[in-house]
Novice: 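Just passing along the structure, written as structure tokens.
Small disclaimer: the values here were computed from a predicted structure and weren't measured. In what follows, every heavy atom counts, from backbone to side chain, and hydrogens, waters and symmetry copies are set aside.
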Protein chains: 2
Amino acid sequence: MSNQQILLIDDERGISDPLSYALRKEGFEVTCSYDGQDGLRRAQSLLPDLIILDLMLPLIEGLEVCRQLRGDPRTREIPVLMLTARTEEIDEVVGFNMGADDYVTKPFKMKPLVQRVKALLRRPHLKEQSVDVVSRQGITLDRLHHRAVAEESELPLTPTEFKLLWTLLRQPGRTFNRNELMDASRGEDANAFERTIDVHVRSLRQKLGARAVLVETVRGVGYRFRDEPHESIPPEAAAI
Amino acid sequence: MSNQQILLIDDERGISDPLSYALRKEGFEVTCSYDGQDGLRRAQSLLPDLIILDLMLPLIEGLEVCRQLRGDPRTREIPVLMLTARTEEIDEVVGFNMGADDYVTKPFKMKPLVQRVKALLRRPHLKEQSVDVVSRQGITLDRLHHRAVAEESELPLTPTEFKLLWTLLRQPGRTFNRNELMDASRGEDANAFERTIDVHVRSLRQKLGARAVLVETVRGVGYRFRDEPHESIPPEAAAI
DNA sequence: TTGCCCCTTCACCAAATCTTAACCGCTACG
DNA sequence: CGTAGCGGTTAAGATTTGGTGAAGGGGCAA
């Protein structure tokens, strides 16, 4: 029981069985569930370290399960890896902005999937690592498909704008100075006119429309993505 | 930018100037010092994230500076990058085991040096890495997010005010003279009208409202942040 | 090659912020 | 009391910073 626990919710035994086998061989403790309702119940009682969730499920479908997981404070933080059958479904997932942390399309290779699982589990607090989807405040970025969605409607971002937003979105609330944004958006390269960032930010804001306010200017420093939900900054924690 | 701060101690302007320029362009906040004594003082008031130290210095030579930095608990953990003129000197330095964290021989290329600097800063140093959050008496400063919070409500500080408060807050009870506060808030530049600080202190106090008393005036010397584990902060007087 | 898209610069403006300097009142001390 | 020194206040002027419109260049596909 000292191992990490994974809850696998999928009704297709053809998927479920080999996957659970593979995961167990990697040393994980795997619990299987074959429909949404049961999966949800187990998630809430087990509080596993990770949930692998099929999009198409009997009784309650995957998206709804995901939504409910996110709605419950006990399960809110558990990483969810979504399995989808068709590529188009991804759009749906991304579009509904259900907060899956990553997803994989079926059919999938076992190795890469296990890798993704490990990556998600390795991530302790920071939302980083090899996550391909980031989603905040109604904006979802998928860097695999290079798609940006804001509340159903797709955002036609240019590569630079995308990387910029990706960087900001990955660490909401953190302020980045123009240099950081510079080499985040433009690979390496280094020295360019810092103000270039401003121009990109501008066009980004234009495309974000009403959501433009989420990209905040921190005068004298740089930019940051608004991060409101929680307020708690460790009070007396980091004293010298 | 109240981002990472570097103290550069080197008397050769031919080295010092271009290096500080390069580092600033990378987004660091650089303070220069041109002799060992001054450098040591500044290190203790600034508590920078990194110190670049020339081995050959007027007044107090580099090794001695390094030794004293290591002897002071406040500066003990700050990474030191040593600059030496000749390769043989490195052996000497290493031999004395003064605890420099890295060495670079002059002449050096700018790029690699900046790389080393970044590496040192990235490294989760001995204990905990550089402090990004400071919190005292109900006031919390977070330089990563660039947020100042006093009892739930956010303080809209200007960059200078932020740095000022950051400096005071990091060493509560310690009195800083106006020069120290000057180069803490004004990154470099040095001798401007000292009274400028007074004006900043005033606007800082205004924004602190009831907590203004925490920024104390030490007549004839400078300012300090109140340290005493104070009991109750004025209850109703919160309005400005 | 042309046209289009995207990135980068540049110039200009308004707003935010910093500095300076003058004026005041308070405090310490004979 | 009287005075010098020091910090508090204020307001105006100087400077910095970010927003914006537009021009120029490069890459790429038609």
Side-chain angles (χ1 to χ4, degrees), chain A residues 146 148 155-168 175-209 212-226, chain B residues 1-3 24-25 27 29 146 148 154-168 175-209 212-225 240:
Chain A
H146 199 278
L155 295 173
L157 301 184
T158 69
T160 301
E161 288 155 12
F162 189 91
K163 286 182 226 155
L164 201 54
L165 188 52
W166 174 266
T167 302
L168 294 171
T175 302
F176 296 85
N177 64 42
R178 290 183 174 71
N179 276 293
E180 294 173 309
L181 294 175
M182 202 77 220
D183 50 53
S185 69
R186 223 186 28 172
E188 184 52 44
D189 229 356
N191 50 5
F193 206 26
E194 284 196 344
R195 295 296 305 280
T196 300
I197 289 299
D198 297 43
V199 180
H200 289 305
V201 166
R202 177 165 85 99
S203 59
L204 186 54
R205 281 173 172 160
Q206 283 185 323
K207 292 178 182 175
L208 285 176
V213 291
L214 293 177
V215 177
E216 302 177 313
T217 301
V218 182
R219 190 164 235 274
V221 186
Y223 298 92
R224 74 181 166 208
F225 191 84
R226 179 182 296 175
Chain B
M1 271 160 263
S2 52
N3 246 334
R24 288 205 184 89
K25 224 180 63 174
E29 193 169 305
H146 205 273
E154 181 148 356
L155 295 173
L157 302 184
T158 68
T160 301
E161 288 154 12
F162 190 95
K163 290 179 215 157
L164 204 54
L165 189 51
W166 174 265
T167 302
L168 293 171
T175 302
F176 295 85
N177 64 42
R178 290 183 174 70
N179 275 303
E180 294 173 312
L181 294 175
M182 203 76 220
D183 61 49
S185 67
R186 194 74 180 89
E188 169 54 22
D189 233 359
N191 47 8
F193 202 26
E194 284 195 345
R195 297 297 306 280
T196 299
I197 289 298
D198 297 41
V199 180
H200 288 306
V201 166
R202 176 181 135 73
S203 60
L204 186 53
R205 281 173 172 160
Q206 281 189 320
K207 291 179 182 175
L208 285 176
V213 292
L214 293 176
V215 177
E216 302 176 316
T217 301
V218 181
R219 195 181 172 81
V221 187
Y223 298 92
R224 74 176 168 214
F225 191 85
I240 296 179

Novice: Starting at CE of M182(B) and ending at P of dC18(C), how long is that distance when rounded to a whole Å?
Specialist: 11 Å
Novice: Please state whether the phosphate of dT17(C), meaning OP1 or OP2, lies under 4.0 angstrom from any side-chain nitrogen or oxygen of T160(B).
Specialist: no
Novice: Taking CG from D183(B) and P from dT19(C), how many angstroms apart are they, rounded to a whole number?
Specialist: 13 Å
Novice: Tell me the interatomic distance from L181(A), atom CG, to dT8(C), atom P, rounded to whole angstroms.
Specialist: 13 Å
Novice: Do D198(B) and R178(B) touch side chain to side chain, with heavy atoms closer than 4.5 Å?
Specialist: yes
Novice: Decide yes or no for T175(B) and Y223(B): does some side-chain heavy atom of the first lie under 4.5 Å from some side-chain heavy atom of the second?
Specialist: no
Novice: Are T158(A) and dC5(C) close enough that a side-chain N or O sits under 4.0 Å from OP1 or OP2?
Specialist: no
Novice: Just N and O in the side chain of H200(B): are any of them under 4.0 Å from OP1 or OP2 of dT17(C)?
Specialist: no
Novice: Is there side-chain contact between L164(A) and V215(A), with heavy atoms separated by less than 4.5 Å?
Specialist: no
Novice: Report yes if the side chains of E161(A) and K207(A) come closer than 4.5 Å at any heavy-atom pair, otherwise no.
Specialist: yes
Novice: Determine whether S185(B) and I197(B) make a side-chain contact, defined as any pair of heavy atoms from C-beta on separated by less than 4.5 Å.
Specialist: yes
Novice: I need the CG-P distance between L157(B) and dC18(C), as an integer number of Å.
Specialist: 10 Å
Novice: Please report, rounded to the nearest Å, how far the P atom of dC7(C) is from the CD1 atom of I197(A).
Specialist: 11 Å
Novice: Taking the side chain as every heavy atom from C-beta outward, state whether L208(B) and L214(B) have any pair of such atoms under 4.5 Å apart.
Specialist: no
Novice: Find the distance E194(A):CD to dT8(C):P and express it as a whole number of Å.
Specialist: 13 Å
Novice: Output one letter per nucleotide in nucleotides 16-30 of chain D: B when a protein non-hydrogen atom lies under 4.0 Å from the base, S when only the sugar-phosphate is that close, - when neither is.
Specialist: -BBBBB---------
